[in-house]
Number of protein chains: 2
Amino acid sequence: MADNGKDITIYDIAKKLDISAATVSRGLQDHPRVNKNTKKLIRKTAEEMGYHFNSFASNLRKKKSKVIGVIVPRLNSNFMSDVIAGIEKVVNNANYGLFISQSLETMQREISNADAMLNNRVEGLLVSLAYNTTDVDHFREFIRRKTPVIFFDRVTELENCPLIHIDNFKAAYEITLHLIDQGCKRIVHITGNLLRNVYKDRFDGYKKALEDRGIPFDDSLVIVNDLSAAAGTVAAQQILQMTPLPDGVFSSNDICAIACMLAVKQAGIKIPQQLAFAGFNNDPTCCVVEPNLTTVNYKGYEMGEVAAKMMINYLTDKDSVQPAHSVILRSELLVRESSLRK
Amino acid sequence: MADNGKDITIYDIAKKLDISAATVSRGLQDHPRVNKNTKKLIRKTAEEMGYHFNSFASNLRKKKSKVIGVIVPRLNSNFMSDVIAGIEKVVNNANYGLFISQSLETMQREISNADAMLNNRVEGLLVSLAYNTTDVDHFREFIRRKTPVIFFDRVTELENCPLIHIDNFKAAYEITLHLIDQGCKRIVHITGNLLRNVYKDRFDGYKKALEDRGIPFDDSLVIVNDLSAAAGTVAAQQILQMTPLPDGVFSSNDICAIACMLAVKQAGIKIPQQLAFAGFNNDPTCCVVEPNLTTVNYKGYEMGEVAAKMMINYLTDKDSVQPAHSVILRSELLVRESSLRK
């Protein structure tokens, strides 16, 4: 920085060395046309004067922000912070910056987040939808501008935007079959807003498993809440009042399953003998709670990496852009003591 | 966006309406000089043509990026994702953008993160230091440019940069006294890199409590590791081989304490009767593990909010800038069953 508080520019360096600004610019970029000793001198002078390349201005000239935006429901969930960590690593390694915002689970804030991303000219946008988002018109302007939008985890169909998620239907189907195989016949399902694919698909998988094993679907065994720990404690009270007592619980996330399990345990119910439990996400807490919680494992970090890599490929290697497609990531059933009755 | 794929500018709107670009600009900014009906027409036309305010270009003209940068050790820790969520909320509400990067606990990456933040002209920087950072010269250029740098949680002295943290010494002193009051005399301390204030101060608090109660400090009871869950499991094996068996463990974080506790429990040790446990952070898992873990509660979300508010105040209300100072946030001892022997 110059003494007057302004940034040092290539013009200042040129003036000091009495050469052209173009030569300074080429020298700093290691251009073959510039003499080796001149390059050395330019770099030395630049360093002494405190010159710093201004990506911000340079990117504006190139009409590139070199920034990727991310909108997620909440930054402070175990799963989402893993996703963000995976995204950051890939984006950072590709020398892009990362712009982050959270919708706090409301469509209203998601719209204003999208607007801010647009105004800041992010080159690409990664989105996981808020709990109550009913339409996604707020992302259409990105598409009109040919700014790629990729949805992950909580996804929706929008033009040809790629979607990255796991097979939630299949994972829920398998975990419900497992509970049935362990002798459960009255299985409670705790779920979230069925607008969101993740909860809808898991609910459908649960129903299909019952159907395939000839167990009639019972609406009164479905609890819809926000899947928080607090909601899990409330769900436990609802379950304890059901007669006869259900024999299994499949919750659409682990946090809610664990809070529910601790509360029914405290009421003297034996797990898994009287009530088997299964969750979803493989939160680290699953291996702390006793008995350990059966769940579906899918890696947030990996999902973040895959989404970010797809975006970087779009942005840096335009020639090889594939027609938009979906990526279904692997998930696996992890059977633990909370559901093992046999 | 225009059909040719370029952004619509105020010049396009001016041309269409056959008025001056200055009038369009004033109209969009609701300037009192522009006639009400003209304003309406300008806004309607702007909307129809798909005009979007270009904050990126506008901010460059004003030499303001309207972006705040954050560098943290890891994005995927419970504590840090709470901090980031708190920062995001404040920054977003103040209409600033949030640039995020993680050092992955290495000084090398922290340096390159700082460089990227500098090149992208963030207006302010919030930093929590990497595990092995030995000097902070990479932040000096921000200070030279009068870009405020605020350290939080893992802090260090650098010129007049404000520091936001809890009283780690006092918190560790109190939790160690509590263990002593419960009858512990051979208390293991598990800690991280003592370069970092958080671990050094907690270690000092532990030693002072022993001293004040006349218990000689025993170097062989101190385990230094990276405080991960895996390290906690290894620490359990070390503890089990100590003769005589220690009667208390104070770990500098909960994750490591919990993994250690589960491993010694599995080896048949009774908690808290044979070995009392205390952690640090109040991770949600503390209330899932059995027995529930005694710990120090301090709120990451609140720390993020405080850091971000201080930064926004610096940036938006320059007149009232206070001389740089530190903020010590409250923390509290939470006694739970893992340490209650009386």
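Side chains are part of it too, since the values below use all heavy atoms of this structure and drop only hydrogens, waters and symmetry mates. A note on names: the letters A, B, ... follow the listed sequences, proteins ahead of strands, and every chain is numbered from 1.
No more than 12 heavy atoms of other residues, nucleotides or ligands sit less than 6.0 Å from atom CD of A:Q108.
Taking CG of A:N282 as the start and OG1 of A:T294 as the end, the distance is 10.5 Å to the nearest 0.5 Å.
For A:R109, the part sitting under 4.5 Å from any heavy atom of chain B is the side chain, from C-beta outward, and nothing else. Using a 4.5 Å cut-off between heavy atoms, A:L262 contacts chain B through its side chain alone, with no backbone atom that close. Proximity to chain B (any heavy atom under 4.5 Å) is shown, for A:I255, by neither the backbone nor the side chain. Residue B:D283: no heavy atom, backbone or side chain, is found under 4.5 Å from chain A.
Closest heavy-atom contact between A:S103 and A:P73: OG-CA, 3.3 Å. In terms of heavy-atom proximity, A:M80 sits nearest to A:S128 at CE-OG, 3.7 Å. Between B:E290 and B:K265, the closest heavy-atom pair is O-NZ, 2.6 Å.
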- Message: salt bridge (Lys or Arg N to Asp or Glu O under 4.0 Å), that's the test. Do A:R43 and A:E47 meet it? Break it down for me.
- Response: CA-CA 6 Å; A:R43 281 207 204 114; A:E47 198 180 322; over 6 Å; no

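The greatest number of non-hydrogen atom pairs below 4.5 Å with chain B, out of A:V70, A:I100, A:V289, A:T285, is found for A:I100. When each of B:V67, B:D115, B:I258, B:D82 is checked for heavy-atom pairs under 4.5 Å with chain A, B:D82 comes out on top. In terms of non-hydrogen atom pairs under 4.5 Å with chain A, the most contact-rich of B:G300, B:S101, B:C287, B:G97 is B:S101. The residue among A:N76, A:N95, A:V91 with the most heavy atom pairs within less than 4.5 Å of chain B is A:N76. When each of A:M261, A:K89, A:M117 is scored by its heavy-atom pairs under 4.5 Å with chain B, the top score falls to A:K89.
Ring-plane geometry between B:F99 and A:F99 is classed as perpendicular, the angle between the planes exceeding 60 degrees on a 0 to 90 degree scale with a lower cut at 30.
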